[in-house]
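These figures come from a predicted structure and were not determined experimentally. Letters A, B, ... are given to chains in the order of the sequence lines, protein chains preceding strands, and every chain is numbered from 1.
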Amino acid sequence: MAEQATISTIDRFVGHEVHLRGWLQSRTDKGRLQFLNFRDGTGTIQVVVFQKNVPPEAFEAARRVTQESSCEVTGTVRADPRAPGGYEIDASSFHIVQLAQDYPITPKEHGIDFLLDHRHLWIRSPRQRSVLAVRATVVDAIRTWLNSHGFTLVDTPILTPAACEGTTTLFETDYFGEPAYLTQSGQLYNEANIAAFGKVYCFGPTFRAEKSKTRRHLIEFWMVEPEMAYADLEECMRVEEEFVSAIVQRTLAERARELEFLGRDTTLLRNVVPPFPRITYDEAVEILNREGVPITWGDDFGAPHETALAQRFDRPVFVHRYPAQCKAFYMEEDPERPELSLSVDLLAPEGYGEIIGGGQRTARLELLERRIAEHGLPRQAFEWYLDLRRYGAVPHSGFGLGVERTVAWICGLDHLREAIAFPRTLGRLYP
RNA sequence: UGCGGGAUAGCUCAACGGUAGAGUGCCCGGCUGUUAACCGGAGAGUUGCAGGUUCGAAUCCUGCUCCCGCAGCCA
């Protein structure tokens, strides 16, 4: 009697007859011998169908099965050095569940436009499966680390009444006659939640109606945002470096096979352990001007600046204390230099840019009121947020980590769109 | 949104003013150890859309649509 098995644990079934259900990835026809590259969702394995070992109808099915047809196979597991992965199934039976017709994605090269139009099928390919598997581990590492370090998950709303940082980059929708916006960040709500739990995080999709067309931007992306009561900027950086290191090291440990398949050189990733280098905005400006990537003090960094800075270090680098004018209205002032904000960005190596933005939020009512006015924000929409400075305000800090940027960096991808199953990019809402 | 590149067979591309091509996939045939197998055969086109120049346009010109890259915005 055949045992139900999965490919990922097939080594436990050597010598046994097993039953597998899945899809045909590819096939090599050798006449009276068929090699089937078979996938069940947990992995792929070679199935060998000899004409003399199976009933005639099973051999006929193996001979005419097409790429990505769903099918079931029964056979004996054996170790064979000639098989990719070292194991193969000597089939005793084979049948087609559904015969696929003209599967569009072939083992040869395709253009990115074609692949994105067929993203619902492209995700089956080994490379895309590897990236999405890494993503799953990154997400789990994020949750596990935060849950085990005193953070409580508190979900924040997706439909919001107003902007965190101005309405120009928000998707507007109709909320029974009132304008509503898709969230850009859960941070302001996190600042409310810390008074209930001390340390919290939210984790979900985020939407930016920016006409960004670069390898570092998605219209819809996932962000995890921890927020901590009684934490200053230094504490924020300390948490960030522990957090990012834990994510990277766990992914290296659990997804070595996928990273190798992706061709990722993991040498630099192994360096990602605390402490990360810290430079001030002032120092960064000096370095950039000295190294021929000119920038005026007071301007925010562009992608070329971030790349040039990150290239100088063997692990992610903190840039802290940006001019207040570069950063959001809720940032705390540097008490020693009020023109600076207690903000910090974490720049990933190898040109992947900013993977974290964050810092210390202001606890001062009068500064927040002034900033809301300076930024021309509708004060009545922020009354609840101002309340947080009236009823038990504390020094607090937090940050947002972009999941796709982190996955793209760890995988060595050249574009964020492969780091999410169904990317939303400028001009692409299908599939 | 700005600058640059592009759209030709299902797919990836060539042809750059003179009969529309290759590789690959699909289909048919052969092969008991293939790893993007190999060998033989066959089919496959409104050259993105609309107009213009020309004896003749995939090729030159104009407009439009869509895609890609870089930048800005940011995670």
Side-chain angles (χ1 to χ4, degrees), chain A residues 25-37 44-53 59 63-64 66-67 80-86 88 90 100-118 125-126 164-166 168-170 183-187 203-225 240 244 299-307 326-328 345-348 351-358 399-409 414-417 419-420 425-428 430:
Chain A
Q25 198 153 295
S26 60
R27 182 171 63 99
T28 301
D29 183 344
K30 284 281 295 172
R32 284 188 269 283
L33 168 61
Q34 303 289 329
F35 291 103
L36 310 181
N37 189 11
T44 60
I45 194 166
Q46 172 163 287
V47 174
V48 185
V49 187
F50 286 100
Q51 187 173 32
K52 67 177 175 56
N53 292 354
F59 187 76
R63 204 183 61 76
R64 69 192 190 92
T66 52
Q67 187 188 359
D80 190 314
R82 293 172 297 186
E88 64 183 20
D90 184 10
Q101 301 288 333
D102 298 324
Y103 188 72
I105 300 177
T106 68
K108 298 287 181 177
E109 71 269 29
H110 296 284
I112 189 63
D113 190 36
F114 177 83
L115 289 170
L116 288 173
D117 278 342
H118 295 84
S125 70
C164 294
E165 300 166 28
T168 53
T169 64
L170 293 179
T183 182
Q184 188 181 47
S185 163
Q187 184 214 309
F203 192 2
T206 299
F207 308 88
R208 301 275 166 91
E210 285 283 346
K211 305 234 172 184
S212 303
K213 289 199 298 187
T214 82
R215 65 178 70 189
R216 295 178 308 282
H217 292 86
L218 294 171
I219 304 300
E220 175 182 308
F221 64 97
W222 282 63
M223 185 158 67
V224 59
E225 295 176 274
E240 287 183 34
V244 169
D299 289 348
D300 205 353
F301 301 134
H305 303 113
E306 290 182 353
T307 302
C326 296
K327 291 294 173 184
D345 286 352
L346 184 67
L347 308 183
Y352 285 93
E354 183 184 341
I355 55 170
I356 287 182
F399 59 94
L401 175 133
V403 170
E404 289 78 13
R405 284 190 182 174
T406 303
V407 171
W409 164 47
D414 59 13
H415 200 299
L416 252 57
R417 63 191 161 212
I420 185 168
T425 55
L426 189 62
R428 183 179 289 282
Y430 176 94

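Residues passing the side-chain hydrogen bond (donor to acceptor under 3.5 Å, both in side chains) test with A:D300, sequence neighbours excluded: none. Residues satisfying the ring pair (Phe, Tyr, Trp, His ring centres under 6.0 Å) criterion with A:F399, sequence neighbours excluded, are A:F243. Residues satisfying the ring pair (Phe, Tyr, Trp, His ring centres under 6.0 Å) criterion with A:H118, sequence neighbours excluded, are A:F114. A:R428 pairs by the salt bridge (Lys or Arg N to Asp or Glu O under 4.0 Å) definition with A:D113, A:D117, not counting sequence neighbours. For A:E354, there are no side-chain hydrogen bond (donor to acceptor under 3.5 Å, both in side chains) partners at least two apart in sequence or on another chain. A:H305 is linked by a side-chain hydrogen bond (donor to acceptor under 3.5 Å, both in side chains) to nothing, counting only residues two or more places apart in sequence or in another chain. With sequence neighbours excluded, no residue satisfies ring pair (Phe, Tyr, Trp, His ring centres under 6.0 Å) with A:Y103. For A:T44, there are no side-chain hydrogen bond (donor to acceptor under 3.5 Å, both in side chains) partners at least two apart in sequence or on another chain.
Residues A:W222 and A:T28 both approach RNA chain B. Their nearest nucleotides, taken by heavy-atom distance, put A:T28 toward the 5′ side.
Remark: RNA chain B forms stems of 3 or more consecutive Watson-Crick or G-U wobble pairs, all pair distances under 3.5 Å, at B:1-7 with B:65-71, B:10-13 with B:21-24, B:27-30 with B:38-41, B:48-52 with B:60-64.
With rounding to the nearest 0.5 angstrom, the CD1 atom of A:I355 is 12.5 Å from the CD atom of A:E404. A:D90 CG to A:Q46 CD: the interatomic distance, rounded to the nearest 0.5 Å, is 11.0 Å.
The base of B:C73 sits within donor-acceptor range of the side chain of A:S212, with an N or O pair under 3.5 Å. Donor-acceptor pairing under 3.5 Å, judged by distance alone, is present between the side chain of A:E88 and the base of B:G33. One can find a donor-acceptor pair under 3.5 Å joining the base of B:C74 and the side-chain atoms of A:H217.
Nucleotides B:A50 and B:A57 are separated by 15 Å at their C1' atoms, to the nearest Å. Comparing B:C26 with B:G10, their C1' atoms are spaced 8 Å from each other, to the whole Å. Comparing B:A36 with B:U24, their C1' atoms are spaced 10 Å from each other, to the whole Å. Rounded to a whole angstrom, the distance from the C1' atom of B:U46 to that of B:G4 is 30 Å. Between B:C64 and B:C70, the distance separating the two P atoms is 25 Å to the nearest Å. Here, B:A15 and B:C60 have their P atoms 12 Å apart, quoted to the whole Å. Using P as the reference atom, B:C11 and B:C3 are 31 Å apart when rounded to the nearest Å. Spacing between B:A20 and B:U32 at atom P, rounded to whole Å, works out to 44 Å.
Base engagement by A:F50 is indicated by at least one non-hydrogen atom pair under 4.0 Å involving a base atom. At a threshold of 4.0 angstrom between heavy atoms, the contacts of A:Q46 include nucleobase atoms, whether or not backbone atoms are also involved. A:L416 comes within contact range of at least one nucleobase, with a heavy-atom separation under 4.0 Å. Looking at heavy-atom distances under 4.0 Å, A:G353 makes no contact with the nucleic acid at all. A:T214 comes within contact range of at least one nucleobase, with a heavy-atom separation under 4.0 Å. At the heavy-atom level, A:E220 lies nowhere under 4.0 Å from the strands shown. If you check every strand for non-hydrogen atoms under 4.0 Å, A:P104 touches nothing.
A close approach under 4.0 Å does occur between a side-chain nitrogen or oxygen of A:R32 and OP1 or OP2 of B:C31. Taking only side-chain nitrogens and oxygens, A:R405 never comes nearer than 4.0 Å to OP1 or OP2 of B:A75.
In this structure, the CG atom of A:D117 is 14 Å from the C1' atom of B:G48, given to the nearest Å. A straight line from CD of A:Q25 to C1' of B:A36 spans 12 Å, rounded to a whole angstrom. At whole-Å resolution of the value, CZ in A:F59 and C1' in B:C31 are 11 Å apart. Atom NZ of A:K30 and atom C1' of B:C39 are 11 Å apart (whole Å). Rounded to whole Å, the distance from CD1 on A:I355 to P on B:A75 is 13 Å. We find that CD of A:Q101 is positioned 17 Å from P of B:G10, with the value rounded to whole Å. Taking atom CZ on A:F35 and atom C1' on B:C38, their separation rounds to 13 Å, with Å as the unit. Here B:C74 presents its P atom at 13 Å from CG of A:L170, a figure rounded to the nearest Å.
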Do any N or O atoms of the protein come closer than 3.5 Å to N or O atoms of nucleotides 67-69 of chain B, and which pairs are they?
residue : atom : partner : partner atom : Å
B:C67   : OP1  : A:G427  : O            : 3.0
B:G69   : OP1  : A:R417  : NH1          : 3.1
B:G69   : OP1  : A:R417  : NH2          : 2.8

Sub-3.5 Å pairs of nitrogen or oxygen atoms, protein against nucleotides 25-30 of chain B:
residue : atom : partner : partner atom : Å
B:C26   : O2'  : A:D102  : OD1          : 3.4

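The side chain of A:K211 sits closest to B:U1 out of B:A75, B:U1, B:G33. Checking B:G33, B:C73, B:C74 against the side-chain heavy atoms of A:E210 singles out B:C73 as nearest.
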Mind listing the side-chain donor-acceptor pairs of residues 25-33 of chain A below 3.5 Å, one per line with the distance, residues two or more places apart or on another chain?
residue : atom : partner : partner atom : Å
A:Q25   : OE1  : A:R39   : NH1          : 3.2
A:S26   : OG   : A:N37   : ND2          : 3.4
A:R27   : NE   : A:V65   : O            : 3.0
A:R27   : NH1  : A:Q34   : OE1          : 3.2
A:R27   : NH1  : A:R63   : O            : 2.6
A:R27   : NH2  : A:R63   : O            : 3.3
A:D29   : OD1  : A:G31   : N            : 2.8
A:D29   : OD1  : A:Q34   : NE2          : 3.0

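Side-chain contact between A:L218 and A:T425: present, with at least one pair of heavy atoms (C-beta onward) separated by less than 4.5 Å. Here the side chains of A:V403 and A:F221 are not in contact, with every heavy-atom distance at 4.5 Å or above.
A donor-acceptor pair is defined here as one N or O able to donate and one able to accept, closer than 3.5 Å; no such pair exists between the side chain of A:T206 and the backbone of A:S185.
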